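Quick notes on the structure that follows.
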Amino acid sequence: MAPVAPRSGDAIFSNIERVNAELFTLTYGAIVRQLLTDLEEVDEVNKQLDQMGYNIGIRLIDEFLAKSYVSRCVDFKETADVIAKVGFKMFLGVTASVTNWDADGTCCSIVLEDNPLVDFVELPDTCQGLYYCNILSGVIRGALDMVSMKTEVTWIRDLLRGDDVFELQVKLLKQIPEEYPYKDD
Ligand code: MYR
C-alpha cells in the first residue's frame, strides 16, 4: 500500500473551508426548497427569503462592524464599496464590484460574478419567478437599516434567470441623521 503523505495545515484548513462552504450552500438550498413546499407561491417565497435576510442583516451588522473595524462612511458611495469589498468577502468569501451610479450618488448596482449560494443550483421551470438569492437583498437592507440608511434593494440580473452575472440595485431612500446623545455645554 502506498504511504499516505501528510497534508499540510493549509491543505487541511482549505478542505475544511470548502466543506463548510458546501454545507452552507446545501443548507440554504434545503431552506429554499422547504419554503417552496410550505408556501407554494413563488412570490411568497421571495418575500419570506427577503424577510429572513432582513432579520439576519439587523443582527449581522454588529458582527460586521466589530470584525471589520470599518468606521463611519463619509457617503453612500463609500458604504456601497464597503458592502461589496468587505461585507461580501467577510460573509460569502467573494468580492463584488460597484457600478451604475446615478447622478446624485444615491443609487448603484452591486455586481457579483461569483455567488456560492447558487453552486449546484438549477431552477426547474415551475420556479421561474423565484429570486433564489433574495436573502441577500434582505441582509443588505437590514444591515443598512441599523446604520440609519433606509434602502430599497432589488435584483436586476440573476444568473439563475439566464443573465451573465448577479446584479443588485441598492437605492438609498432616506438617511436618518444620527443625533449626538449629549448636549454640549
Ligand atoms: C457606516 O456606519 O457608515 C458603515 C456602514 C457599513 C455598512 C456595511 C453593511 C455590511 C453588509 C454586509 C452584507 C453582506 C452580504 C452577504
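For ligands, and for the atoms within them, numbers begin at 1 and follow the listed sequence. Please read all numbers here as calculations on a predicted model, not as lab measurements. Excluded from the calculations below are hydrogen atoms, water molecules and symmetry mates; all remaining heavy atoms, backbone and side chain alike, are included.
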Can D145 and Y54 be counted as having a side-chain donor-acceptor contact under 3.5 angstrom?
yes
Whether R161 engages the ring of Y132 as a cation-pi pair (distance to the six-membered ring centre under 6.0 angstrom, angle to the ring normal within 45°) should be assessed.
no
Which of the atoms in ligand 1, numbered in the order shown and given with their element, are less than 4.0 Å from a heavy-atom of V147?
2 (O)
So, does N46 use its side chain to make a donor-acceptor pair with the main chain of Y131 at under 3.5 Å?
yes
Any idea which of M149, Q175, R72, K89 brings a heavy atom closest to atom 2 (O) of ligand 1?
R72
Of all protein heavy atoms, the one nearest atom 8 (C) of ligand 1 is F64 CE2, 3.5 Å
To atom 14 (C) of ligand 1, the nearest of C73, G57, G87 on a heavy-atom basis is G87
Cationic N near anionic O, under 4.0 Å, D50 to R141:
yes
Counting non-hydrogen protein atoms only, what is the nearest one to atom 11 (C) of ligand 1? Give residue, atom name and distance.
A143 CB, 3.9 Å
Are E167 and N100 close enough that a side-chain donor and a side-chain acceptor fall under 3.5 Å?
yes
